[in-house]
Colleague: 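So that we are looking at the same thing, I have put the structure below in structure tokens.
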Amino acid sequence: MSLWVLITLCAALFQTWRTALQQRLRGQLSLNGAAVVRYLYGVPFGLMILGTYWLIFGGGFGTPTLWFLALCAMAGLMQIFGTNLLISSFGPRGFAVGTAYSKTEAVQASIIAVVVLGEVLSLTSWAGIAISVAGVMYLTLAGRGLSPAEILRATTQPAALRGMSSGFCFALTAICIRTANAELPGEDVLLKALFAVVLTNAMQTVMQGGWLLWREPGQLSAVFRTWRDSAKVGALSAAGSSCWFMGFALAPVALVRAVGQVEILFTLLFSRFFLGERLKGKDVLGALILVAGVVLVLLGTR
């Protein structure tokens with residue numbers, strides 16, 4: 001198994017785990033407060049991961065350029081926008097639709113990467129990306145019993161438009177991260193990726209933390225009061241972001257995002273074995289479609 005594939009699978013697992021823990025904080029913190037803990041508590045854990053890697057493998061990199069700093073800031077801002085757009089799509093009847101259409105991120109990232117970064121993908125990989133996205137959307141929407149015609153009509157709903165916009169922001173985040181890694185002087189792409197994680201999370205702490213201080217000052221004390229749960233979220237967020245950043249440094253953005261969609265499979269497993277929920281036949285079918293798409297993506301890289 002290629003290193004980038006293993007790292008991407010770990011990223012998806014950490015992200016699923018972090019999301020599950022973060023949901024518990026929603027009863028203690030506001031939306032923005034629960035989001036800030038990802039970055040605030042993620043920075044020290046990111047520094048630990050960076051330091052550990054450096055102590056084991058050594059290496060170094062040159063002085064960060066202004067363009068590198070700007071790319072990290074843009075990546076952090078796009079991730080914040082993407083998260084807020086996704087959550088804003090979760091209306092009374094928009095949760096499934098918003099989530100499903102946000103998963104078009106893999107296709108959007110592929111197109112942007114081809115245009116902006118000049119990445120080249122095989123026809124097999126393109127087919128795999130399309131199939132994996134279809135599998136994710138089927139998994140997300142199957143439980144609502146929507147017909148193909150209803151799913152098509154749903155593309156004009158506010159939830160779908162916000163979901164697709166969220167996917168666009170996440171796609172831009174990945175593009176900025178990969179470009180930033182190439183911009184930072186140095187030969188060890190993994191070390192540079194881990195440095196970019198810490199810097200981006202620090203910037204996000206300032207950006208969203210400043211917004212929290214301005215709009216919801218009372219939430220700041222709650223963010224620190226819940227440090228036991230928040231620290232766990234921060235640790236998993238730092239681990240997940242580190243894996244995503246390293247994945248983007250090792251492989252084309254489109255491939256990493258396509259394989260990373262196994263995140264929804266981990267969500268199903270969490271539901272089955274930790275929450276005791278029974279899987280439906282539609283869940284299994286959607287999972288098989290998704291896996292088939294990921295396999296095609298990987299075959300296209302050989």
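Predicted model only: the values in this text are computed from it and were never measured.
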Colleague: Quick check: is Trp227 connected to Leu213 through a chain of hydrophobic side chains (ILVMFWY, heavy atoms under 4.5 Å apart)?
Modeller: yes
Colleague: Please report the closest heavy-atom contact between Ala12 and Gly260, naming both atoms and the distance.
Modeller: CB-O, 3.7 Å
Colleague: Considering non-hydrogen atoms only, spot the tightest contact between Ser241 and Val197 and give its length.
Modeller: O-CG2, 3.7 Å
Colleague: Which heavy-atom pair separates Ala193 from Ala249 by the least distance, and what is that distance?
Modeller: CB-CB, 4.3 Å
Colleague: Side-chain heavy atoms nearer than 4.5 Å, only ILVMFWY residues, links allowed to pass through others: does that put Ile49 and Ile56 together?
Modeller: yes
Colleague: Could you tell me whether the side chain of Val297 reaches within less than 4.5 Å of the side chain of Val259, counting heavy atoms only?
Modeller: yes
Colleague: If you take all heavy atoms of Thr124 and Leu296, which pair is closest and at what distance?
Modeller: CG2-O, 3.3 Å
Colleague: Do Val36 and Leu29 touch side chain to side chain, with heavy atoms closer than 4.5 Å?
Modeller: no
Colleague: Indicate yes or no: at least one non-hydrogen side-chain atom of Leu172 is less than 4.5 angstrom from one of Phe81.
Modeller: no
Colleague: When the ring planes of Phe57 and Tyr53 are compared, do they come out parallel, tilted or perpendicular, using 30° and 60° as the limits?
Modeller: tilted
Colleague: Taking the side chain as every heavy atom from C-beta outward, state whether Phe168 and Met78 have any pair of such atoms under 4.5 Å apart.
Modeller: no
Colleague: Once salt bridge (charged side-chain N to carboxylate O under 4.0 Å, His left out) is applied, what residue pairs with a partner in residues 226-251 remain, sequence neighbours excluded?
Modeller: none
Colleague: Do Tyr39 and Met207 have side chains that get closer than 4.5 Å, going by heavy atoms?
Modeller: no
Colleague: Give a yes or no on whether the backbone of Leu161 and the side-chain of Ser165 come within a donor-acceptor separation of less than 3.5 Å.
Modeller: yes
Colleague: Could you give the distance from CG (Leu190) to CG (Leu3), rounded to the nearest 0.5 Å?
Modeller: 6.5 Å
Colleague: Taking Arg178 for the side chain and Gly247 for the main chain, is one N or O donor matched with an acceptor at less than 3.5 Å?
Modeller: no
Colleague: Side chains of Ile7 and Trp244: closer than 4.5 Å at any heavy-atom pair?
Modeller: no
Colleague: Are Leu55 and Leu50 in one and the same hydrophobic cluster, where Ile, Leu, Val, Met, Phe, Trp and Tyr link if side-chain heavy atoms are under 4.5 Å apart?
Modeller: yes
Colleague: Which residue is it: Leu194, Asn181, Thr8? I am looking for the one with a side-chain contact (heavy atoms from CB on, under 4.5 Å) to Met246.
Modeller: Leu194
Colleague: Is any side-chain heavy atom of Phe170 less than 4.5 Å from a side-chain heavy atom of Gln79?
Modeller: yes
Colleague: How are the rings of Phe61 and Phe195 set relative to one another: parallel (under 30°), tilted (30 to 60°) or perpendicular (over 60°)?
Modeller: tilted
Colleague: Any side-chain heavy atom of Tyr41 sitting closer than 4.5 Å to one from Val233?
Modeller: no
Colleague: Where do Val223 and Val37 come nearest, in terms of heavy atoms and distance?
Modeller: CG1-CG1, 3.9 Å
Colleague: Between Val206 and Ile80, is there a shared hydrophobic cluster once you connect ILVMFWY residues whose side-chain heavy atoms come closer than 4.5 Å?
Modeller: no
Colleague: Any side-chain to backbone donor/acceptor pair from Ser2 onto Val5? Under 3.5 Å, distance only.
Modeller: no
Colleague: If you take all heavy atoms of Met203 and Cys72, which pair is closest and at what distance?
Modeller: SD-C, 4.0 Å
Colleague: Would you tell me whether Asn32 and Glu216 have side-chain atoms, one donor and one acceptor, within less than 3.5 Å of each other?
Modeller: yes
Colleague: Answer yes or no: are there more than 12 heavy-atom neighbours, outside Trp54 itself, under 6.0 Å from its atom CH2?
Modeller: no
Colleague: Using the rule that Ile, Leu, Val, Met, Phe, Trp and Tyr join whenever any side-chain heavy atoms are under 4.5 Å apart, tell me whether Trp4 and Phe245 fall into a single cluster.
Modeller: yes
